[in-house]
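What you see is a predicted model, and the numbers here were worked out from it, not measured in a lab. Just so it is clear, the values below take in all heavy atoms, side chains as well, and ignore hydrogens, waters and symmetry mates. Remember, it's 1-based here, ligands and their atoms both numbered in the order they're listed.
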Amino acid sequence: MSIRVGIVGFGNLGRGVETSIALQPDMELVGVFTRRDPAAVATGGAAVFALEALADYRDTIDVLVLCGGSKSDLPEQSPELAAQFTIVDGFDTHARIPEHFAAVDASARTAGTTAVISTGWDPGLFSINRLYGEAILPQGATYTFWGRGLSQGHSDALRRVPGVAGAVQYTIPASEAIERVRAGEQPELTTREKHDRQCFVVLEDGADAQEVREAIVTMPDYFEPYATTVTFITAEELARDHTGMPHGGFVIRSGESSPGVTQTVEYRLQLDSNPEFTSSVLVAYARAAARLAAAGDHGAKTPFDIAPGLLSPKTAAELRTELL
Ligand SMILES: NC(=O)C1=CN([C@@H]2O[C@H](COP(=O)(O)OP(=O)(O)OC[C@H]3O[C@@H](n4cnc5c(N)ncnc54)[C@H](OP(=O)(O)O)[C@@H]3O)[C@@H](O)[C@H]2O)C=CC1
Ligand SMILES: N[C@@H](C[C@H]1CC(C(=O)O)=NO1)C(=O)O
């Protein structure tokens, strides 16, 4: 029996989820549900429906993959849709994950659904590797570096600023900080000492550039903690120079298992396409969410709560013989 999937929101992630589902032996895509006019949304072949039509699909969709923006879509959509469906989201406003979890958990427990939140790569796979490092090497230091690459969450946050017609954000890691970490110094590094953020913004006609710049650099959680630059460009330049979405980074845990015995754990990603990779993670967690829901394991989950085997289309017996 295939897992029947719905996509909510059709942007970079939504397109990636459609592509990823086509690669899965045990999944089928029921359709895309959008807040826009369905006729205006071009998919790779998937049927498109108005978001309001979702209520008619409660018996024909096993799990929804929510592809909205974390700045303002998911805080509303995830709790709302968890009241009707098993869902997966990539909510990535780290400072607000506890409150997002609480809101989604209350909704899912009341409805008897399962909701996997904050999966992807960070939060997500990087979070899991930070946990492994700290559980295995209690004496040590953990570091996370991203980029240079395009952050979808920060680009989405830029696009939500009044007066912004289009935007992208690149994350730049501090090479000196990386060198100190790799040298085993275990330095104390502030947020500002690890990354800079470069924003490229297209203004709406009549928007005030200084007001937009100020709204960006002071934005809590996203830009305020960082050295952030804002460059205004034309829509033509955005379309010509900023369509690729490569990214990547690494998590490193350096610690001592006994005095003088240093152990280093590193997990690295190098991504041609941030959205296609993130979508692939969301789809694997959609499989886990559907299985947890079928087993009656309801409420909100983070990637920490989910056994890795649930992500695989292989049976537990196959995993024991092939991957253990
Ligand atoms: N955990 C992780 O590691 C990661 C998390 N993410 C999260 O994924 C979120 C979504 O990223 P991304 O897909 O790049 O965001 P997009 O801006 O591409 O899409 C967000 C939403 O905007 C709407 N939209 C898309 N295109 C248009 C358009 N042309 N006109 C009007 N509305 C549009 C869609 O909703 P609708 O169809 O309803 O209009 C869509 O769901 C990010 O905010 C980030 O938080 C991303 C990467 C990694
Ligand atoms: N959630 C991020 C995924 C990684 C990238 C990132 C950053 O560049 O700040 N933080 O986490 C994204 O939206 O791309």
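- Stacking of Arg213 on the aromatic ring of Phe223 is not recorded, the 6.0 Å distance cut-off and the 45° axial limit not both being met.
- Counting heavy atoms of neighbouring residues, nucleotides and ligands inside a 6.0 Å radius, atom CG of Asp272 does not exceed 12 of them.
- When all heavy atoms of Leu311 and Ala288 are compared, the closest pair comes out as CD1-CB, 4.1 Å.
- Side chains of Ser72 and Arg160: a donor-acceptor N/O pair is present below 3.5 angstrom, by distance only.
- A salt bridge is defined here as a Lys NZ or Arg NE, NH1 or NH2 lying under 4.0 Å from an Asp or Glu carboxylate O, and Asp26 with Lys314 fails to meet this definition.
- Considering Arg291, Arg287, Arg4 as possible partners of Asp62, the one that fulfils the salt bridge (Lys or Arg N to Asp or Glu O under 4.0 Å) test is Arg4.
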Apply side chain to side chain contact (heavy atoms under 4.5 Å, CB included) to the pair Ile97 and Phe91, showing each step before the final yes or no. CA-CA 7 Å; Ile97 286 176; Phe91 182 76; 3.9 Å; yes
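- Residues Arg320 and Glu318 are not paired through a salt bridge, judged by the lack of any N-O separation under 4.0 Å between the basic side chain and the carboxylate.
- Between the side chains of Thr171 and Arg148, no donor N or O sits under 3.5 Å from an acceptor N or O.
- Contacts between Thr278 and ligand 1 below 4.0 angstrom, taking non-hydrogen atoms only, involve the side chain exclusively.
- At the top of the distance list for atom 46 (C) of ligand 1, counting protein heavy atoms only, stands Gln152 CB, 3.6 Å.
- Looking only at heavy atoms of the protein, atom 3 (O) of ligand 1 is closest to Trp121 N, 2.8 Å.
- Put simply, no part of Pro275 is less than 4.0 Å from ligand 1, judged by heavy atoms.
- Exactly one residue among Arg197, Gln152, His154 makes a side chain to side chain donor-acceptor pair (under 3.5 Å) with Gln169. That residue is Arg197.
- Taking the six-membered ring wherever Trp is involved, the centroid distance between the rings of Phe33 and Tyr57 falls below 6.0 Å.
- Between Gly120 and ligand 1, no pair of N/O atoms sits closer than 3.5 Å.
- For Asp92, a nitrogen or oxygen atom sits less than 3.5 Å from a nitrogen or oxygen atom of ligand 1, counting backbone and side chain alike.
- Using a 4.0 Å cut-off between a side-chain N of Lys or Arg and a carboxylate O of Asp or Glu, Asp196 and Arg192 do not qualify as a salt bridge.
- Ligand-side atoms of ligand 1 in range of Asp73: 21 (C), range being under 4.0 angstrom from any heavy atom.
- By the 4.0 Å heavy-atom criterion, Gly124 is excluded from the residues contacting ligand 1.
- Distance from atom 5 (C) of ligand 1 to its nearest protein heavy atom, with residue and atom name: Gly90 O, 3.3 Å.
- With ligand atoms numbered from 1 in the order given, ligand 1 contributes 8 (O), 13 (O) to contacts under 4.0 Å with heavy atoms of Leu13.
- Using cut-offs of 30° and 60° for the angle between ring planes, the Tyr170 and Phe200 rings count as perpendicular.
- Ring-plane geometry between His195 and Phe145 is classed as tilted, the angle between the planes lying from 30 to 60 degrees on a 0 to 90 degree scale.
- Distance CZ/Phe49 to OG1/Thr34: 12.0 Å, rounded to 0.5 Å.
- The N/O atoms of Pro123, backbone and side chain alike, include one that comes under 3.5 Å of an N/O atom in ligand 1.
- Between the choices Arg36, Arg159, Arg15, the shortest heavy-atom distance to atom 16 (P) of ligand 1 belongs to Arg159.
- Polar contact with ligand 1: present for Thr34 (N/O pair, distance under 3.5 Å).
- For Gln270, there are no side-chain contact (heavy atoms from CB on, under 4.5 Å) partners, not counting sequence neighbours.
- With a 4.0 Å cut-off on non-hydrogen atoms, Cys67 touches ligand 1 through its backbone and not its side chain.
- Annotation: atom 42 (C) of ligand 1 to nearest protein heavy atom, Gly153 CA, 3.8 Å.
- With a 4.0 Å cut-off on non-hydrogen atoms, Asn12 touches ligand 1 through its backbone as well as its side chain.
- The closest approach between any non-hydrogen atom of Val281 and ligand 1 is not below 4.0 Å.
- Pairing each heavy atom of Ile136 with each of Pro138, the nearest pair is O-CD, 3.3 Å.
- Atom 43 (O) of ligand 1 has its closest protein heavy atom at Ser70 N, 3.1 Å.
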Give every pair made of an N or O atom of ligand 2 and a protein N or O atom lying under 3.5 Å apart, one pair per line with both atom names and the distance to 0.1 Å, or write 'none'.
| residue | atom | partner | partner atom | Å |
| --- | --- | --- | --- | --- |
| ligand 2 | 1 (N) | Asp92 | OD2 | 2.7 |
| ligand 2 | 1 (N) | Asp122 | O | 2.8 |
| ligand 2 | 8 (O) | Thr171 | OG1 | 2.5 |
| ligand 2 | 8 (O) | His247 | NE2 | 2.8 |
| ligand 2 | 9 (O) | Arg197 | NH1 | 3.0 |
| ligand 2 | 9 (O) | Arg197 | NH2 | 2.9 |
| ligand 2 | 11 (O) | Asp122 | O | 3.1 |
| ligand 2 | 13 (O) | Asp92 | OD2 | 3.0 |
| ligand 2 | 13 (O) | Gln152 | N | 3.3 |
| ligand 2 | 13 (O) | Gly153 | N | 2.6 |
| ligand 2 | 14 (O) | Gln152 | N | 3.0 |
| ligand 2 | 14 (O) | Asn274 | ND2 | 2.8 |

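- When only non-hydrogen protein atoms are considered, atom 23 (C) of ligand 1 lies nearest to Arg35 NH2, 3.8 Å.
- Residue Gly11 has at least one heavy-atom neighbour below 4.0 Å for each of these atoms of ligand 1: 18 (O), 19 (O), 25 (C), 40 (C).
- Dense packing is recorded around CD of Glu322, with more than 12 heavy atoms of other residues, nucleotides or ligands lying under 6.0 Å away.
- With a 4.0 Å heavy-atom cut-off, ligand 1 is reached by the backbone of Thr119 but not by any atom from C-beta on.
- In this structure, Gly14 has no heavy atom closer than 4.0 Å to ligand 1.
- Atoms of ligand 1 lying under 4.0 Å from any heavy atom of Asp156, numbered from 1 in the order shown and given with element: 43 (O).
- Annotation: atom 10 (C) of ligand 1 to nearest protein heavy atom, Gly68 O, 3.4 Å.
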